Amino acid sequence: MTTITIKELLEAGVHFGHQTKRLNPKMKKHLFEESNGIYIIDLQKTLKKFQEAAEFITRVAAEGLPVVFIGTKKQAADVIEEEARRCEQFFVNHRWLGGTLTNFQTMKRQIKRLKELEQGSADGEFANYTKKEQLLFGREQTKLEKYLAGIKNMSRLPGALFIVDAKKERIAVAEANKLKIPVVAIVDTNADPDLITVPIPGNDDAIRSVALITAACSDVIAEARHQVPVRDGAEEGEGSTYSTETGVESEADGDRKKRPGARRKRRPKPEAIAARLKSDEGGSADAAAAGGSGAGGTGDA
């Protein structure tokens, strides 16, 4: 399993916290000392928590569940995108849209709209529109790409979130807690660790600190994904195909099932049709004979 050392944490400045006046009291158990008005984080506890987070993320990735990397800070945006793409996971690095998880069905419609705009732009379908309409389509596509590019292929809720700066991304944390989605996050001295499933005490402002921990988590996910056995293509397709006995093919052969509430029209047998015609002919002859005798009787009178 991928690990980091105390020396690497120290060189990256992971131990530097916020000013003492910005302390969240729940973070006291993760502190080492105070120095020049700044709290110093205990790197021994940081390393221990990272190992717990690595084990947890490994289990999530081994189950085939996606992990979303979230970090909308300017100094973390590029790192989040790079490391998420490296381990083939989803990411949000510009702005967390409220309801991304709790209102995922609406978010999927926005993602569908983004794909439609991309497809239309690639195929040249907008060439017949006016310049103003093409400009509006381009602006809409740019806006959607900015916020949804990292999750446009996410078809279901993730198995876990990895967050840089749990306090800034409090909306994402609240949505994950509401849906009982586990959260792994870098937690600085001003954040609440009780809201995080596996908090990693550390500096969430320094680029080197964020890059070190994020890259290590990315390595853990990539390693876990390589260890997962790849399913056979035939096995994966079995769940989405119809059975030849009950599906479309059986309907083509005339084995359709009767729909509930539908009345089937019965076709009369040939013998019944012939018998009915014969009886109709006999009835017509009898009627004609009766009519003739009646006419003769009237003449005799």
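Everything quoted here is computed from the prediction, not taken from an experiment.
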Are [X] and [Y] close enough that some pair of their side-chain heavy atoms sits under 4.5 Å apart?
X	Y	answer
Asp219	Glu223	no
Leu9	Thr46	yes
Leu101	Pro158	yes
Glu169	Thr72	yes
Met107	Met154	no
Thr189	Arg22	no
Arg85	Phe91	yes

* **Evaluation steps, side-chain contact (heavy atoms from CB on, under 4.5 Å), between Val92 and Thr100** => CA-CA 10 Å; Val92 176; Thr100 300; 5.6 Å; no

* Electrostatic pair Asp42:Lys29 at N-O distance under 4.0 angstrom ->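 So Asp42 does not pair with Lys29 through a salt bridge.
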
* Asked: With a 4.0 Å cut-off, would you call Glu52 and Lys49 a salt bridge?
  ->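 The answer is yes: the pair qualifies as a salt bridge.
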
* To do: Taking side-chain hydrogen bond (donor to acceptor under 3.5 Å, both in side chains) as the test, write out the residues that go with Asn24, two or more places apart.
  =>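 Expected list: none.
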
Within one Ile-Leu-Val-Met-Phe-Trp-Tyr cluster: [X] and [Y], side-chain cutoff 4.5 Å:
X	Y	result
Ile4	Ile6	yes
Val164	Val198	yes
Ile186	Val68	no
Phe16	Ile41	no
Ile213	Ile70	no

Report yes or no: does [X] contribute a side-chain atom to a donor-acceptor pair with the main-chain N or O of [Y] at less than 3.5 Å?
X	Y	result
Glu175	Gly98	no
Thr58	Ala54	yes
Arg208	Gly13	no
Asp204	Ala166	no
Gln134	Tyr129	yes
Arg86	Ala215	yes
Gln110	Leu144	no

Can you give me the closest heavy-atom contact between [X] and [Y], atom names plus distance?
X	Y	value
Leu161	Ala172	CD1-O, 4.0 Å
Pro182	Phe56	CB-CZ, 3.1 Å
Val79	Ala211	CG1-CA, 3.8 Å
Glu83	Ser218	O-OG, 3.0 Å
Ala53	Val184	CB-CG1, 3.7 Å
Ser155	Lys108	O-NZ, 3.8 Å

* Asked: Which of parallel (below 30°), tilted (30 to 60°) and perpendicular (above 60°) describes Phe69 and Phe162?
  ->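 Taking Phe162 first and then Phe69, their aromatic rings sit tilted (interplane angle of 30° to 60°).
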
Measuring from [X]:[atom1] to [Y]:[atom2], what's the distance to the nearest 0.5 Å?
X	Y	atom1	atom2	answer
Ile151	Phe90	CD1	CZ	9.0 Å
Cys217	Leu212	SG	CG	9.5 Å
His15	Ile38	NE2	CD1	10.0 Å
His94	Glu81	NE2	CD	6.5 Å
Leu148	Leu97	CG	CG	6.0 Å
Ile163	Ile80	CD1	CD1	9.5 Å

* Would you check, one step at a time, whether the test side chain to side chain donor-acceptor pair (under 3.5 Å) holds for Arg109 with Thr106? => CA-CA 5 Å; Arg109 288 197 291 268; Thr106 301; 3.2 Å; yes

* **Flag if over 12 foreign heavy atoms under 6.0 Å of CG, Asn36** =>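 Open: at most 12 neighbouring heavy atoms sit under 6.0 Å from CG of Asn36.
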
* Are Lys45 and Phe32 close enough, and set up right, to give a side-chain contact (heavy atoms from CB on, under 4.5 Å), and what steps lead you there? -> CA-CA 9 Å; Lys45 296 181 179 179; Phe32 180 71; over 6 Å; no

* To do: Only one of Asp188, Asp78, Asp205 passes salt bridge (charged side-chain N to carboxylate O under 4.0 Å, His left out) with Lys73; say which it is.
  =>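 So, applying the salt bridge (charged side-chain N to carboxylate O under 4.0 Å, His left out) to Lys73 and each of Asp188, Asp78, Asp205, only Asp205 qualifies.
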
* Asked: With sequence neighbours excluded, what pairs up with Ala206 under the side-chain contact (heavy atoms from CB on, under 4.5 Å) test?
  ->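 In terms of side-chain contact (heavy atoms from CB on, under 4.5 Å), with neighbours along the sequence ignored, Ala206 is linked to Asn203, Ser209.
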
* Which pairs count as salt bridge (Lys or Arg N to Asp or Glu O under 4.0 Å) when at least one residue sits in residues 113-132, sequence neighbours excluded? ->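 Every salt bridge (Lys or Arg N to Asp or Glu O under 4.0 Å) pair that includes a residue of residues 113-132, provided the two are not neighbours, is Arg113-Glu116, Arg113-Glu140, Glu118-Lys152.
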
* Asked: Would Leu65 and Arg156 satisfy side-chain contact (heavy atoms from CB on, under 4.5 Å), going step by step from the backbone distance to the final call?
  -> CA-CA 9 Å; Leu65 299 175; Arg156 59 176 178 173; 3.9 Å; yes

* **Reference residue Glu34; test side chain to side chain contact (heavy atoms under 4.5 Å, CB included); the match among Thr20, Leu23, Ile40** =>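 Output: one option passes, namely Thr20.
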
